Amino acid sequence: MLTLGTTGAIYVAVDPQDGRKGIDGLAGVVTAGLGRNPASGDLFVFKNRKGDRLKILAWQGDGFALYLR
């Protein structure tokens, strides 16, 4: 189950990301590209170049979860 932090924000990256990126790579994009803290409890959504897959990076309190759709 996905839960939002206290702000309840969902950030969607406009630029497509490499589908091979994992938690560390996507957390780096959040920090450098969006200027946000990936452990804030917000959800960060990324799409691949073709636009047929989404990855959601979420902080779950004790670590990151990466969801693929």
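Just so it is clear, the model here is predicted, and its values are computed rather than measured.
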Legend entry - side chain to side chain donor-acceptor pair (under 3.5 Å) against K21, all qualifying residues, sequence neighbours excluded: Q17
Inset, instruction - For R20, enumerate each residue passing the salt bridge (charged side-chain N to carboxylate O under 4.0 Å, His left out) test, keeping only those at least two apart in sequence or located in another chain. - result: D18
Inset, instruction - For D52, enumerate each residue passing the salt bridge (charged side-chain N to carboxylate O under 4.0 Å, His left out) test, keeping only those at least two apart in sequence or located in another chain. - result: K50
Legend entry - Side chain to side chain, K55 and L26, heavy atoms closer than 4.5 Å: yes
Inset, instruction - Check L54, L57, V14, D15 against F46 for a side chain to side chain contact (heavy atoms under 4.5 Å, CB included) and give me the one that passes. - result: L57
Inset, instruction - Carefully, step by step, assess L66 and I56 under the rule side chain to side chain contact (heavy atoms under 4.5 Å, CB included). - result: CA-CA 6 Å; L66 187 61; I56 302 171; over 6 Å; no
Inset, instruction - Apply the test side chain to side chain contact (heavy atoms under 4.5 Å, CB included) to residues V45 and I10: give CA-CA distance (whole Å), side-chain angles for both, the deciding distance (0.1 Å), then the verdict. - result: CA-CA 7 Å; V45 181; I10 299 173; 4.0 Å; yes
Inset, instruction - Grab the two heavy atoms, one from P38 and one from T31, that are nearest each other, plus how far apart they are. - result: CD-OG1, 3.5 Å
Inset, instruction - Evaluate the side chain to side chain contact (heavy atoms under 4.5 Å, CB included) criterion for residues Y11 and L43: first the C-alpha distance (whole Å), next the side-chain angles of each, then the deciding distance (0.1 Å), finally the verdict. - result: CA-CA 6 Å; Y11 294 93; L43 299 181; over 6 Å; no
Inset, instruction - To the nearest 0.5 Å, tell me how far W59 CH2 sits from F44 CZ. - result: 12.0 Å
Legend entry - Donor-acceptor under 3.5 Å (N48 side chain, G19 main chain): no
